[in-house]
Asks: 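Right, I'll just put the structure down here and ask away after.
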Amino acid sequence: MIETPTTTAGTAERPGASPRGVRFLWAWLRGNLFNTWYNGLLTVVLVAGMAVMVQPVVTWVFQQAHWAAVTTNIRLFVVGLYPDEYLWRPGILLSLIAGLFGGSASHGRGSMRFVALLLGVLFVLLVLLPVGRARLYVALAWLSLMGCFGLDRLFRLPYAVWNVGWFLSLPIVLAVLGGSRGVGLEPVATSQWGGLMLTILLAAVGILASFPLGLLLALGRRSTLPVIRVFSVVYIEVIRGVPLVSVLMMFTLLLPLFLPAGVLRPDMLWRVMVGLTAFSAAYVAENVRGGLQAIPRGQYEAATALGLSWAQSMRYIILPQALRAVIPALVGQFIALFKDTSLVTIIGLLELLGIAKSVIEQPAWKTIPGGVVFEVFVFTALVYFVFTYNMSLASRRLERTLGVGRR
Amino acid sequence: VVRTRQTSSSIPFYRNVRVLTVLAQIGFALAVLGLGWLLLSTMLGNLERQGIPISFAFLRQPAGFGISEGLPFDPSQSYLAAFGVGVVNTIRVAVAGIVLATLLGLGLGVARLSRNWLLARLATAYVEVFRNVPLLLWLVFAYAALRVSLPRLRQSLVLLGDTVLMSNRGVALPWPRASATFPAFVPWGIAAVILGLAIWVWLRRRSAAAAGRPAGFGRACLVALVVCVAGFVATGSAPIYWSVPRVSGFRYQGGVVLTPEFTALLLGLVIYTAAFIAEVVRAGMLAVPKGQQEAAQALGLSSAQTFRYVTFPQALRVIIPPLINQYLNLTKNSSLAIAVGYPDLFSVGLTINNQTGQAIPFVLMIMVVYLSMSLLTSAVLNLVNRRLALKS
């Protein structure tokens, strides 16, 4: 008798999918939108509000908006004022980075594959868009991504290959973009670098260069030597206590003063990079400290009992565990830094937001009543969102694959 | 025993941990000081060559530039006074931003946990969109959008039954002003506050002695209110009236006017920080074990009572520390005011630097003000943490 209801339910499920679907929808609506009288009222008000909003938004997006302001300036948004004849350099570098992602994805676990997959999808979408010559480079990058992935699958290359590649990628990128007469590449002034390229570059430099510094500061803060500890604490707390824009301003104003006149004259981009690194290091240090504190005391004691020196116990026992636990927080830091690079606009560099502001001021759009403020900022916000949101998705996956907080 | 003593005394100094740690620290300190001295001497040499000796004496000189809003400021006043106006402007926008962002963030955080699927989704979408795009973009966007979409002064938008006016000159809101009878009312007001406090303290002490939860706040408020009403009657009219803005000539008359710069900065800071506060609130609510709610229901508490007496007080313990951190972030982020032309301390400081070339004093002054705000915040945070800590 008890068995019968379940079996009838089981048989009823197969033939009549649609009535069950309708009933399910009904139950879902009742359970999620109309579960109490005030929730029902709220739902009605929200739906009404959205309905009122939809029509003007759709009309604006498809009829009124002057998207030409974005499409004609897409080159500015991507690479800024980088000279036309050298555009192949960022194009090739994109393939290089895509290839590294492909190779690492073949070795890596879930999250790296996820990032590579997202990149692949992004490239395919970009190739479909009418973005002129850049499609060639995007297609090349997609091939490089797939090619390196396949190459690694086929020949089982050692992971060290890709690690070395990543390690060299940043200097290569900086050298190729900057150029040098010695190797036959015409120099391109850093003031001409811009757009999304500069945004990504600044964020990458900021996080990579600040990592070793932050690691040292974190170890210093947990050191038993008072002089080193006090130095680390003061550095970390001072930097974290002041806004980024003041740190950037400090480095752009003071860096030339602190260096011998005439010998070294770092241009704006380098000053900003140093400032971002100095700023980010304090935050990285606090993240790493969190990881160090999460290691149980027993691990330290066991390392000491094995007769390992401080350096050995850090190298082989503590840091491998601590850094693993800290990776998601570091990705979060990278996302924050990616957003924070927008502040270099205040210093006068033309990264993504700086380009957006300059596009709005173009005389071509001044005749339009109200200008192209909404078009340009909606597009720019979308670009930032696509990057940061996907990075945070990847970070959540990473947390799951690393099993942080579950061990 | 003799052997151990021998070995311990025969350890050479370069392998003695105690000696080594001291040496390492001395070496580190010397390296830092040496580098500092090198940088400092280079800097002093450079400054001497430029003919700008470091000195704070310039702060006494007349500023010679105007400040568009904030405390009344005349260009003939000193640089120091100008900087002070900037500091007050920072505090002004930070306080307003903190209040509004808390309200919006609290609402969004609760909405994300709502049992209404649509509301929860909308709140999630808000949080994801606003915290994944840089604050500076929201600020610049808000400022540009306000400037292009608001009408001229004469065609001001009129909202809320003629009380709120909006134009490209800013947003004019009604604001309470002291009336002619205000001075006569002041003693009544002071009496009301003192009496209310006294009754509150007395009732609290009595109820605490009698066990049970301390009460009496409502009754104390009632007494204070009665005294205030008596004051109204005695002085003849209300001591405060609403000053409603009107357009007169080329400016607003009455009320309080928020400039487009202030409005854009406030708007950007509030919508951005609210997204983070919503996450803080949500995390705090989720941190309360489900068993607590079930237990409250089993005791027969209504859902409102469960929230008021069980969930919220426990969530607050988790919420407050990161919330205060967000307040500090908002205050630091208000330095982006420079992007919309609002004269906060950073923007005024930069103007002073551009006029005088005194880069070092400028950086030091900015740092000192922000650092003292941070220190104050962390002091408050420690105090709150101590009060919130579970007493075992």
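Every chain is numbered from 1 and lettered A, B, ... according to where its sequence line falls, protein lines coming before strand lines.
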Asks: Nearest 0.5 angstrom please: B/M367 CE to A/I239 CD1, how far?
Replies: 6.0 Å

Asks: With a 4.5 Å limit on heavy-atom distance, are the side chains of B/F141 and A/F374 in contact?
Replies: yes

Asks: Heavy-atom cut-off 4.5 Å, strictly under: side chain, backbone, both or neither for B/L350 against chain A?
Replies: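 The answer is the side chain of B/L350.
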
Asks: Evaluate the side-chain proximity of B/Q25 to A/P226: yes if any heavy-atom separation is below 4.5 Å, no if none is.
Replies: yes

Asks: Give, as side chain, backbone, both or neither, the part of B/V22 having an atom under 4.5 angstrom from any heavy atom of chain A.
Replies: neither

Asks: So do B/N116 and A/T43 actually touch side chain to side chain, heavy atoms under 4.5 Å?
Replies: yes

Asks: Tell me, side chain or backbone of A/M50 under 4.5 Å from chain B's heavy atoms, or both, or neither?
Replies: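 For A/M50, the contact with chain B is made by the side chain alone.
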
Asks: Given that the side chain runs from C-beta out, which part of A/V247 has a heavy atom under 4.5 Å from chain B: side chain, backbone, both or neither?
Replies: neither

Asks: Contact part of B/F346 toward chain A, heavy-atom cut-off under 4.5 Å: side chain, backbone, both or neither?
Replies: side chain

Asks: Does the side chain of A/I346 come within less than 4.5 Å of B/L336's, by heavy atoms?
Replies: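 They are in contact (side-chain heavy atoms under 4.5 Å apart), so the answer is yes.
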
Asks: Which bit of B/L39 comes within less than 4.5 Å of chain A, counting heavy atoms only: side chain, backbone, both or neither?
Replies: both

Asks: Side chain, backbone, both or neither: which part of A/L343 has a heavy atom under 4.5 Å from chain B?
Replies: both

Asks: Quick check on B/L122 against chain A: is it the side chain, the backbone, both or neither that has a heavy atom closer than 4.5 Å?
Replies: side chain

Asks: Checking A/F231 against chain B: side chain, backbone, both or neither under 4.5 Å from a heavy atom?
Replies: side chain

Asks: So which part of B/L137 gets closer than 4.5 Å to some heavy atom of chain A, the side chain, the backbone, both or neither?
Replies: both

Asks: Is any side-chain heavy atom of A/T388 closer than 4.5 Å to one of B/V133?
Replies: no

Asks: Side chain, backbone, both or neither: which part of A/L225 has a non-hydrogen atom closer than 4.5 Å to chain B?
Replies: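 For A/L225, the contact with chain B is made by backbone and side chain together.
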
Asks: Looking only at atom types and distance, does a side-chain atom of B/N132 sit under 3.5 Å from a main-chain N or O of A/F385, one as donor and one as acceptor?
Replies: no

Asks: Is there a side-chain contact between B/L371 and A/V242, using heavy atoms and a 4.5 Å cut-off?
Replies: yes

Asks: Between B/V140 and chain A, which part of the residue has a heavy atom less than 4.5 Å away: side chain, backbone, both or neither?
Replies: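 For B/V140, backbone and side chain are both near chain A.
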
Asks: Using a 3.5 Å distance criterion without hydrogens, assess whether the side chain of A/K339 forms a donor-acceptor pair with backbone atoms of B/L136.
Replies: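 Looks like no, no N/O pair under 3.5 Å.
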
Asks: Name the region of B/N353, side chain, backbone, both or neither, that has any atom closer than 4.5 Å to a heavy atom of chain A.
Replies: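 Side chain only.
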
Asks: Is it the side chain or the backbone of A/S223 that comes within 4.5 Å of chain B heavy atoms, both, or neither?
Replies: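 Neither the backbone nor the side chain of A/S223 comes within 4.5 Å of chain B.
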
